[in-house]
Amino acid sequence: MAYVGFCRTLMNTDLEIILFSRPQLAHTSEEIQRLLGALDKRKLRYRVNREFALRIQELTDISIPSNQQYTAIDDTYSEQSVMICYGGDGTFLEGVRLLQLRPIPVLGINSGRLGFLANVAKTDIEQALDDLTAGHYTVDQRALLHVEGDFPTVPEYPYAFNEFSIQRGGASMISVDAYVGNELIATYWGDGVIVATPAGSTAYSLSVGGPIVAPGCDCFVLSPIAPHNLSMRPVVLPNMNQLSFKVHTRGQRSSVTLDNMNFSVPDGAMFRLTKAKDSIFLVHLQNISFYETLRNKMMWGMDRRDETKA
């Protein structure tokens, strides 16, 4: 749903960009200069994470002043701040985690391949910044998973924006008892299970046969990974319920993930999942819709026969 408290018209002098990217990505000098040039052209204030600032200087000889670099997001950022994650969906997830639940809206610029979360093409940077400075956007509120349980160490950030998964750690299958409230849903024998948010329904969950869920739905998707019983199917569950899981292995460790963070866990580990009290806020540009993104990314409606006629 739209979080109208963030829908505002901003002047160039009010908006501050928190630019985040991962230095290991295959950035080019040309695209970085295009990105920074677009920010400078609009006289936008911006800060860059230190690792990316070093990569920028390495590729372009552009030196980001130290007062425009950051290593963590603190409370000095104003209500006019917007985080721009430049990369793919993995970069987007790291940026969200860096916010540590601060209500700063996030926009993803896709410099990678698919990109459902980072859904603005890098060729559209100029238009995206124009829309931001003109206030031509809304901010959507998205749910997070909160996870407690038998982690080897308590995660600093026990949340997942896309999904929580339990997966086998060796060659043997595992079994996972899944409960909604106090009621057993099923025991899943196979490679594991995934619990996805609506945002995560187009990620790992989709690859194991889970349904695509529209952003406004208040639900989670529970999907088995390579189930031994082929009648097992994904289940859509209301997100006001607590989900619980117990992992059974054959003397080996399994792994659990919170988005792209991985943890090794022993036989008998238990986990409890609830909808987090806090949310993530995403910038929604008015010229980009969820269904348009689906059509483009999934190539729905494309007639491959047209390619043979060319």
Side-chain angles (χ1 to χ4, degrees), residues 17-36 38-39 46 48-56 58-60 70 73 82-99 104-129 131-132 137 140 142 144-145 157 159-165 194 196-208 210 212-213 215 257-262 280-285 287-300:
I17 301 299
I18 305 170
L19 184 59
F20 176 78
S21 189
R22 297 190 287 182
Q24 68 268 32
L25 298 179
H27 297 305
T28 66
S29 172
E30 292 75 14
E31 66 178 294
I32 289 176
Q33 291 185 65
R34 187 186 310 118
L35 172 62
L36 299 182
L39 293 168
Y46 61 89
V48 182
N49 60 302
R50 183 162 300 168
E51 299 86 355
F52 188 40
L54 295 174
R55 183 62 174 158
I56 289 171
E58 179 184 334
L59 288 175
T60 67
Y70 68 88
I73 307 297
V82 171
M83 172 176 272
I84 291 182
C85 296
Y86 188 76
D89 284 355
T91 301
F92 188 97
L93 292 173
E94 283 196 27
V96 165
R97 190 159 58 244
L98 192 64
L99 291 178
I104 295 174
V106 186
L107 176 68
I109 304 290
N110 184 19
S111 70
R113 297 180 180 177
L114 192 57
F116 276 96
L117 301 176
N119 60 1
V120 177
K122 62 183 178 182
T123 54
D124 295 332
I125 290 173
E126 300 265 356
Q127 183 62 55
L129 292 178
D131 289 342
L132 282 176
Y137 68 96
D140 293 340
R142 299 292 180 86
L144 281 171
L145 277 167
Y157 188 80
Y159 302 95
F161 180 62
N162 265 359
E163 73 268 322
F164 168 80
S165 72
I194 301 170
T197 65
S201 69
T202 54
Y204 190 9
S205 177
L206 181 63
S207 72
V208 300
I212 295 174
V213 180
T257 66
L258 293 169
D259 288 338
N260 50 9
M261 295 187 296
N262 187 73
I280 295 299
F281 301 97
L282 305 187
V283 172
H284 180 199
L285 300 180
N287 64 334
I288 298 177
S289 76
F290 171 73
Y291 301 104
E292 179 184 10
T293 300
L294 278 182
R295 289 196 304 273
N296 292 337
K297 302 293 185 182
M298 306 293 288
M299 295 185 288
W300 285 355

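All values below were derived from every heavy atom in this structure, side-chain atoms included, with hydrogens, water molecules and symmetry-related copies excluded.
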(request) Could you grab the distance from atom CG of Leu35 to atom CD1 of Ile17, nearest 0.5 Å is fine? (result) 10.0 Å
(message) With rounding to the nearest 0.5 angstrom, report the CD1 to CG distance, Ile84 to Leu132.
(response) 5.5 Å
(request) Kindly give the heavy-atom pair with the smallest separation between Glu31 and Ala26, and that separation in Å. (result) OE2-O, 3.8 Å
(message) Could you report the tightest heavy-atom contact between Gly90 and Asn260, atom names first, then the distance?
(response) O-ND2, 3.8 Å
(message) Ignoring hydrogens, what is the shortest heavy-atom contact between Leu39 and Leu19? Give both atom names and the distance.
(response) CD1-CD2, 4.4 Å
(request) State, yes or no, whether a side-chain contact exists between Phe290 and Ile212 at a heavy-atom distance under 4.5 Å. (result) yes
(request) Mind checking the OG1-CD1 spacing from Thr60 to Ile32? Nearest 0.5 Å is all I need. (result) 6.0 Å
(message) Could you tell me if the side chain of Asp131 sits less than 4.5 Å from the side chain of Tyr137, heavy atoms only?
(response) no
(message) Which heavy atom of Gly200 sits nearest to which heavy atom of Ser205, and what is that distance?
(response) O-CB, 3.8 Å
(request) Evaluate the side-chain proximity of Tyr46 to Leu36: yes if any heavy-atom separation is below 4.5 Å, no if none is. (result) yes
(message) Using 0.5 Å steps for rounding, measure from the CG atom of Asn162 to the CG atom of Leu258.
(response) 11.5 Å
(request) Could you tell me which residues satisfy salt bridge (charged side-chain N to carboxylate O under 4.0 Å, His left out) with Glu58, sequence neighbours excluded, listed by chain and number? (result) Arg55
(request) Mind checking the OG-CD1 spacing from Ser21 to Ile109? Nearest 0.5 Å is all I need. (result) 11.0 Å
(request) Report the residue from Thr197, Leu117, Leu145 that forms a side chain to side chain contact (heavy atoms under 4.5 Å, CB included) with Phe161. (result) Leu117
(message) Applying ring pair (Phe, Tyr, Trp, His ring centres under 6.0 Å), can you list everything that pairs with Tyr86, at least two apart in sequence or on another chain?
(response) His27
(request) Might you point out which heavy atoms bring Leu285 and Ala128 nearest each other, and give the distance in Å? (result) CD1-CB, 3.8 Å
(request) Could you tell me whether the side chain of Asp140 and the main chain of Val283 form a donor-acceptor pair under 3.5 Å? (result) no
(message) Contact between Pro23 and Leu54 at the side-chain level, heavy atoms closer than 4.5 Å - yes or no?
(response) no
(message) Rounded to the nearest 0.5 Å, what separates atom CZ in Phe281 from atom CE in Met83?
(response) 14.5 Å
(message) On a heavy-atom basis, which atom in Arg22 and which in Thr91 lie closest, and how many Å separate them?
(response) NE-OG1, 3.1 Å
(message) A side-chain contact here means heavy atoms from C-beta on lying under 4.5 Å apart; do Gln33 and Glu30 qualify?
(response) no
